[in-house]
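Accompanying notes for the structure given below.
For ligands, and for the atoms within them, numbers begin at 1 and follow the listed sequence. This one's a predicted model, so the numbers in the text were calculated from it and none came from an experiment. Below, all heavy atoms of this structure are taken into account, side chains as well, without hydrogens, waters or symmetry copies.
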Amino acid sequence: MEPPPLTPGTLYLVATPIGNLEDITLRALRVLRECSVVAAEDTRRSGQLLKHFDISKPLVSCFQFNEARRSEEIIERLRRGETIALVTDAGSPGISDPGGRVVEAALKAGLRVEPVPGPCALVAALTAGGLPTDEFHFVGFLPHKSGQRRTRLESLKPVDGTLVFYESPYRIQKLLGELDAVFPDRTIVLARELTKKFEEFLRGKPAELLVLAQKRSLKGEFVVMIGPAEQQCEPSPADDNSERKASYP
Ligand code: SAM
């Protein structure tokens with residue numbers, strides 16, 4: 001059965017691969033093929049993606065510094081009944097990248113916004129990372145300034161579940177040093193180069209990973225995860241059956 005045509009006046013948020021081009025979805029390809037225009041964070045980069053899939057489509061730039069002006073243009077086009085596919089450099093638009101403002105503007109204008117879900121680095125990292133996924137807190141990027149980073153990390157100490165960060169390869173060693181100071185006993189997982197040739201998961205306490213980072217330079221893209229604090233289960237006197245257990249034959 002043929003899928004229905006795109007709905008006029010809709011902003012489609014199209015997730016694109018975070019490394020492995022096979023991760024594009026059939027629906028993403030159809031939306032990119034059938035939309036009126038593709039709004040991209042970086043038109044050159046998205047142009048290459050479209051070319052790879054043999055899609056020829058007008059591209060408009062929608063990057064951080066002209067997002068406000070571009071938002072207005074996009075809203076105008078949507079009001080005229082066009083269909084717009086919004087893509088960012090990689091992954092799901094709006095997750096730690098520009099795009100949020102366009103969504104906000106479209107919703108404010110009463111327009112339809114539809115997700116076309118697909119790759120997302122934080123989800124890929126969590127699913128294979130081995131840390132609890134029943135409860136997690138996505139932090140995104142930490143601020144750049146040392147004092148602000150430290151304050152933010154300290155503020156996350158009482159947060160339950162797995163903590164998930166995005167970090168630039170240039171700051172990964174610095175971050176491990178900071179984690180050693182703030183979360184020395186927690187398990188850290190570095191998810192490096194997800195879906196790419198050199199994908200790997202590095203696990204250990206911050207100090208162990210710091211030693212590793214000093215031995216070999218850690219390059220590429222990273223998702224950093226911090227496991228929850230281990231529960232110290234002090235048995236209450238009422239249910240302390242340790243003696244019984246010990247003496248049981
Ligand atoms: N919107 C994207 C998503 O859905 O994941 C994230 C965009 S954000 C600007 C880029 C950051 O995502 C990188 O600095 C890195 O922390 C993380 N990232 C993206 N691709 C990755 C990959 N293949 N492996 C590990 N981390 C990745």
Side-chain angles (χ1 to χ4, degrees), residues 11-25 27-28 31-32 38-46 48-49 52 61-67 70 85-104 113-131 133 136-144 149 152-153 156 162-176 178-179 188-203 206 209 212-213 216-226:
L11 176 68
Y12 291 88
L13 300 171
V14 181
T16 56
I18 56 169
N20 189 328
L21 293 178
E22 283 186 325
D23 291 339
I24 192 103
T25 69
R27 186 160 164 242
V31 171
L32 291 170
V38 174
E41 181 181 1
D42 177 342
T43 49
R44 208 172 53 90
R45 195 171 160 150
S46 298
Q48 285 165 357
L49 181 82
H52 177 87
S61 148
C62 178
F63 65 85
Q64 228 167 354
F65 303 107
N66 70 6
E67 216 178 329
R70 287 294 188 198
L86 178 70
V87 295
T88 49
D89 285 354
S92 301
I95 305 297
S96 292
D97 63 24
R101 203 180 293 172
V102 187
V103 173
E104 207 184 304
V113 178
E114 231 182 81
V116 182
C120 181
L122 93 97
V123 176
L126 269 172
T127 48
L131 293 172
T133 56
F136 64 87
H137 180 91
F138 178 58
V139 183
F141 289 101
L142 285 170
H144 288 187
R149 287 167 73 85
R152 181 83 178 103
L153 286 172
L156 293 165
T162 298
L163 301 173
V164 190
F165 302 77
Y166 284 166
E167 188 53 285
S168 136
Y170 307 109
R171 277 185 289 275
I172 207 76
Q173 203 164 324
K174 175 179 162 119
L175 178 60
L176 289 171
E178 292 161 333
L179 297 184
I188 307 297
V189 179
L190 302 181
R192 187 175 89 84
E193 293 285 89
L194 289 161
T195 78
K196 301 184 197 175
K197 189 173 173 188
F198 296 109
E199 173 182 281
E200 65 178 341
F201 289 84
L202 303 166
R203 299 178 172 89
L209 292 173
L212 186 90
R216 56 175 266 216
S217 75
L218 294 177
K219 292 189 184 131
E221 297 195 277
F222 289 88
V223 178
V224 180
M225 291 169 286
I226 305 180

Hey, what polar pairs (N/O, under 3.5 Å) does ligand 1 make with protein?
from, atom 1, to, atom 2, distance (Å)
ligand 1, 1 (N), Ala90, O, 3.2
ligand 1, 1 (N), Ser92, O, 3.1
ligand 1, 1 (N), Ile95, O, 2.9
ligand 1, 1 (N), Asp97, OD2, 2.8
ligand 1, 4 (O), Ser92, N, 2.8
ligand 1, 5 (O), Ala121, N, 2.8
ligand 1, 5 (O), Tyr166, OH, 2.7
ligand 1, 16 (O), Glu167, N, 3.4
ligand 1, 16 (O), Phe222, O, 2.6
ligand 1, 20 (N), Glu221, OE1, 3.4
ligand 1, 23 (N), Ile18, O, 2.9
ligand 1, 23 (N), Leu194, N, 3.4
ligand 1, 23 (N), Leu194, O, 3.0
ligand 1, 24 (N), Leu194, N, 2.9

Is there a side-chain contact (heavy atoms from CB on, under 4.5 Å) between Val164 and Val223? Walk through the geometry before answering.
CA-CA 7 Å; Val164 190; Val223 178; 3.5 Å; yes

Qualifying residue for side-chain contact (heavy atoms from CB on, under 4.5 Å) with Glu41, from Val87, Leu86, Asp89:
Asp89

Testing the basics here: between Arg203 and Gly130, what is the closest heavy-atom pair and its distance to 0.1 Å?
NH2-N, 4.4 Å

For a quick test of reading the model, state the closest non-hydrogen atom pair linking Ile226 to Leu131 and the distance between them.
C-CD1, 4.1 Å

Apply the side-chain contact (heavy atoms from CB on, under 4.5 Å) test between Leu176 and each candidate in Leu212, Val224, Leu209; give the one that qualifies.
Leu209

With a cut-off of 3.5 Å and sequence neighbours excluded, list every side-chain donor-acceptor pair involving residues 165-172.
from, atom 1, to, atom 2, distance (Å)
Tyr166, OH, Leu122, N, 3.0
Glu167, OE1, Arg171, NE, 3.4
Glu167, OE2, Arg149, NH1, 3.4
Glu167, OE2, Arg149, NH2, 2.9
Ser168, OG, Tyr170, N, 3.0
Arg171, NH2, His144, NE2, 3.2

